[in-house]
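Computation of the quantities below employed the complete heavy-atom set of this structure, encompassing side-chain atoms and omitting hydrogens, waters and symmetry-equivalent molecules. To find a chain, count down the sequence lines: A is the first, B the second, and so on, and within it residues start at 1. All values derive from a computational prediction rather than experimental measurement.
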Amino acid sequence: MDVVRPEFVPDPSLSTAEMEALQRDIADVAVFDDDHGVDPAAVAIDGPVGQSTLGEAGDGAADEPDADRPLVAGVDQAFVGDRAVSAVVVLRGRTVVERAFAVEPTEIPYVPGLLSFREGGAILSAFAELDADPDLVFVDGSGRIHYREAGLATHVGVTLDVPTVGVAKNLLCGTPRESLDRKLPEGTRVPIDADGDVETAERGTCIGYAVQTRQYESETQYVNPLLVSPGHRVGTETAADLVLATAAGYKLPEPTRVADSYADELKSEV
DNA sequence: GCGACAG
DNA sequence: ATCTTGTCGC
């Protein structure tokens with residue numbers, strides 16, 4: 001996959017003010033509505049909990065049950081010393097059809113709100129190595145849940161012009177409509193509203209959801225929800241639907257989970 | 001000055 | 001993100 005909007009490629013050498021200005025430009029062209037053709041039901045991974053399997057080279061369409069299903073990718077980063085490893089995995093249903101990666105030196109430290117300038121370059125390089133063009137990409141981090149509505153998932157989605165969903169484990173900004181500090185049942189979603197920290201959105205606008213993909217049986221112990229938001233060309237509600245549909249018995253959606261372990265695997269080899 | 005802050 | 005042992009549970 002190649003960059004479609006070169007003017008948005010993250011440049012770590014920009015000043016903070018320039019980075020923030022670029023994010024505003026990105027948010028201006030980002031589409032937080034459905035424009036993707038992916039039916040959550042078509043990407044749903046159901047049945048018993050099981051690991052995604054690597055597709056075999058000789059698989060023909062005849063015995064491939066997922067042949068007509070959408071391609072969904074997951075991307076995740078790991079760090080080795082001063083280098084970032086970005087790993088992309090493409091799934092069709094539960095089958096891994098392609099993997100790609102890139103290793104690049106980290107130019108700048110992590111700064112909340114400017115994550116895409118630290119990790120975006122490696123991600124784009126990994127996608128440049130990818131032959132497939134996925135119908136949807138899950139990115140590890142926020143999308144619209146961001147100070148300028150231009151988080152990592154939005155930045156990557158707009159630059160590649162591919163539908164993306166942001167999946168984060170922690171909340172960057174915004175206010176949950178109800179407390180998340182309690183045990184939420186599996187399948188629950190709690191709206192995240194823009195607050196004073198979100199400069200570009202009217203206060204009260206729903207910019208994402210806390211999504212409970214998994215929960216324990218136990219009464220006292222509980223799993224924290226994921227924080228899901230549109231990256232690009234996906235609506236807020238649909239972003240939550242897609243995450244719930246692709247969570248196969250684990251907290252993380254399957255594409256993200258598989259990209260996670262691939263990044264770990266690469267870390268040992270690099 | 002103090003608190004908050006994706007990965 | 002990363003540094004790390006044991007431990008609870010299916």
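Residues Val137(A) and Val165(A) form no side-chain contact, since every pair of their non-hydrogen atoms from C-beta on lies 4.5 Å or further apart. Under the 4.5 Å side-chain criterion, counting only non-hydrogen atoms from C-beta, Pro40(A) is in contact with Leu242(A).
With sequence neighbours left out, the side chain to side chain donor-acceptor pair (under 3.5 Å) criterion links Glu217(A) to no other residue. In this structure, the side chain to side chain donor-acceptor pair (under 3.5 Å) partners of Asp193(A), at least two apart in sequence or on a different chain, are Arg177(A). Residues passing the salt bridge (Lys or Arg N to Asp or Glu O under 4.0 Å) test with Asp161(A), sequence neighbours excluded: Arg233(A). For Arg24(A), the side chain to side chain donor-acceptor pair (under 3.5 Å) test picks out Glu199(A), with sequence neighbours left out. Applying the salt bridge (Lys or Arg N to Asp or Glu O under 4.0 Å) rule to Glu265(A) yields the partners Arg99(A); only residues at least two apart in sequence or on another chain are considered.
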- Message: Pair Asp264(A), Lys267(A) - check salt bridge (Lys or Arg N to Asp or Glu O under 4.0 Å), show working.
- Response: CA-CA 5 Å; Asp264(A) 260 7; Lys267(A) 196 164 49 163; 3.6 Å; yes
### Task
Take Glu18(A) and Ser15(A) through the test side chain to side chain donor-acceptor pair (under 3.5 Å) and record every step on the way to the result.
CA-CA 5 Å; Glu18(A) 290 171 326; Ser15(A) 67; 3.3 Å; yes
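To the nearest angstrom, P of dA1(C) lies 11 Å from CG of Leu115(A). One interatomic measurement links the two molecules: CG of Asp82(A) to C1' of dT2(C), which rounds to 14 Å at whole-angstrom precision.
Closest non-hydrogen pair, Asp131(A) versus Glu98(A), comes out as N-OE2, 2.9 Å.
Although no hydrogens or angles enter the test, the distance criterion places no donor-acceptor pair under 3.5 Å between the side chain of Thr256(A) and the main chain of Gly74(A). Looking at Asp82(A), its side chain never comes within 3.5 Å of a backbone N or O of Pro105(A) through a donor-acceptor pair.
The span of DNA chain B lying next to chain A, judged by atoms under 4.0 Å from heavy atoms, is bounded 5' to 3' by dC5(B) to dG7(B).
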Once base and sugar-phosphate atoms are separated, protein heavy atoms under 4.0 Å mark nucleotides 3-10 of chain C, 5' to 3', with B, S and - as --------
Each base of DNA chain C marked ( ) or [ ] if paired in-strand (Watson-Crick or G-U under 3.5 Å), | if paired to another strand and . if unpaired gives ..........
With both pairing distances under 3.5 angstrom for Watson-Crick or G-U wobble, and | for a partner in another strand, the correct string for DNA chain B is .......
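A heavy atom lying under 4.0 Å from DNA chain B marks the following residues of residues 142-166 of chain A, by number: Ser142(A), His146(A), Tyr147(A), Gly151(A), Leu152(A).
Within the structure, ring pair (Phe, Tyr, Trp, His ring centres under 6.0 Å) pairs that include any residue of residues 160-219 of chain A do not occur (at least two apart or interchain).
Leu71(A) is not connected to Val243(A) by any chain of hydrophobic side-chain contacts under 4.5 Å among Ile, Leu, Val, Met, Phe, Trp and Tyr, and they are in different clusters.
At the heavy-atom level, Tyr110(A) lies under 4.0 Å from base atoms of the strands shown. Here Leu114(A) lies in heavy-atom contact (under 4.0 Å) with a base.
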Side-chain polar contacts of residues 112-122 of chain A - donor-acceptor pairs under 3.5 angstrom, sequence neighbours left out - could you list them?
residue: Ser116(A); atom: OG; partner: His155(A); partner atom: ND1; Å: 2.8
residue: Arg118(A); atom: NH1; partner: Ile108(A); partner atom: O; Å: 2.8
residue: Glu119(A); atom: OE1; partner: Gln77(A); partner atom: NE2; Å: 3.0

